[in-house]
Amino acid sequence: MDSILDNLSTEFVSVCIQDPRLHNDDLWHTHVDYEICLRTNSMCFRKKSSCVRRRYSEFVWLRHCLEQNALMMQLPKLPPWNPFFSLKRKEQVNQRMKGLQEFLEGVLQNPLLLSDSRLHLFLQSSLSISKMEKCALGKTRYTVAEAIQCSSCGYIGSLEDKTSCDSDCESSASSGLGLSIDATMRESPVSFLHSPEKEL
């Protein structure tokens, strides 16, 4: 029993929002996306480390999805949408990245929200919103676990054919619900369960 508690006391999830990039959609439209890097030893996650790129509108979609799943729960807020957002304004960029990170940190602290497969697809796959929705509903030929496993391998197209790919996950079992926490913009992960003798 003590060894189980010791393992839980060192379980962590760290998330970092970084590297904003500007993309030209067409002559008149651009968008910015951000790299989301996640490191964890939590059993909730299929992969122990991942990096994906997401844009602000995808964060808005995720928050809407989580609201549907957590009816009575107050969700963390996203930074406000700014029609005049510019990568040239460093303070705006830093504030948005900080707000997006605080949003994800708040979400990752909640075990109920960790049960939503759309959150896992958002954080650990490069699927589009429409493909994440279909996958979460079981309307694709691949499972959530396969989408996450194959995403970083560059084999998303082959998922439609149900071909296999290598994985960096520690287990082939599907992720379970467990405890999780944030890590702020610091490099080092933070333990989220403190044993009484470690507290000051």
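The structure displayed is predicted, hence computed values, not measured ones.
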Taken in chain and number order and not counting sequence neighbours, the residues that satisfy side chain to side chain contact (heavy atoms under 4.5 Å, CB included) with Glu102 are Lys98, Glu105
Taken in chain and number order and not counting sequence neighbours, the residues that satisfy salt bridge (Lys or Arg N to Asp or Glu O under 4.0 Å) with Arg89 are none
dist Arg118:CZ -> Ser125:OG (nearest 0.5 Å) comes out at 13.0 Å
Taken in chain and number order and not counting sequence neighbours, the residues that satisfy side-chain hydrogen bond (donor to acceptor under 3.5 Å, both in side chains) with Glu35 are Gln18
* Worked verdict on Ile148 versus Leu121 for side-chain contact (heavy atoms from CB on, under 4.5 Å) -> CA-CA 6 Å; Ile148 290 169; Leu121 289 167; 4.2 Å; yes
Applying side-chain contact (heavy atoms from CB on, under 4.5 Å), run through Phe12 and Thr10 and close with a yes or a no. CA-CA 6 Å; Phe12 72 91; Thr10 58; over 6 Å; no
Exercise for the section: Taking the side chain as every heavy atom from C-beta outward, state whether Arg54 and Trp61 have any atom pair closer than 4.5 Å. Expected result: no
Measuring only between side-chain heavy atoms, which start at C-beta, is Leu38 closer than 4.5 Å to Leu108?
yes
Notebook entry, point to check: Are the side chain of Gln101 and the backbone N or O of Ile17 linked by a donor-acceptor pair below 3.5 Å?
Noted result: yes
>> Quick one, Tyr56 and Pro79 - any side-chain contact, counting heavy atoms below 4.5 Å?
In response: yes
Those residues at least two apart in sequence (or on a different chain) that pass side chain to side chain contact (heavy atoms under 4.5 Å, CB included) with Lys139 are Lys134, Leu137
Side-chain (Asp33) to main-chain (His23) donor-acceptor, under 3.5 angstrom
no
Beyond-backbone contact of Val144 with Arg46, side-chain heavy atoms, under 4.5 angstrom: no
Parallel, tilted or perpendicular: rings of Phe45 and His120 (30°, 60°): tilted
CD (Gln124) and NZ (Lys47) are apart, to the nearest 0.5 Å, by 6.5 Å
Contacts of Val32 meeting side chain to side chain contact (heavy atoms under 4.5 Å, CB included) (sequence neighbours excluded), chain-then-number -> Pro20, Leu22, Tyr34, Phe85, Leu87
Q) If we only count heavy atoms from C-beta on, is the Val107 to Phe122 side-chain gap below 4.5 Å? A) no
Heavy atoms of Glu146 and Arg141 approach each other most closely as OE1-O, 4.2 Å
Worksheet item: Is there a side-chain contact between Leu123 and Leu104, using heavy atoms and a 4.5 Å cut-off?
Response: yes
Please set out all donor-acceptor pairs under 3.5 angstrom arising from side-chain atoms of residues 62-69, sequence neighbours excluded.
unit_1, atom_1, unit_2, atom_2, d
Arg63, NE, Pro76, O, 2.7
Arg63, NH1, Glu67, OE2, 2.7
Arg63, NH2, Leu75, O, 3.3
Arg63, NH2, Pro76, O, 3.3
His64, NE2, Gln68, NE2, 3.0
Asn69, ND2, Asp116, OD2, 3.3

Review point. For the side chain of Glu133 and the backbone of Ser130, is there at least one donor-acceptor N/O pair under 3.5 Å apart?
Key: no
inquiry  = Determine whether a donor-acceptor pair (N or O, by modelled atom type, separation under 3.5 Å) exists between the side chain of Thr40 and the backbone of Lys48.
reply    = no
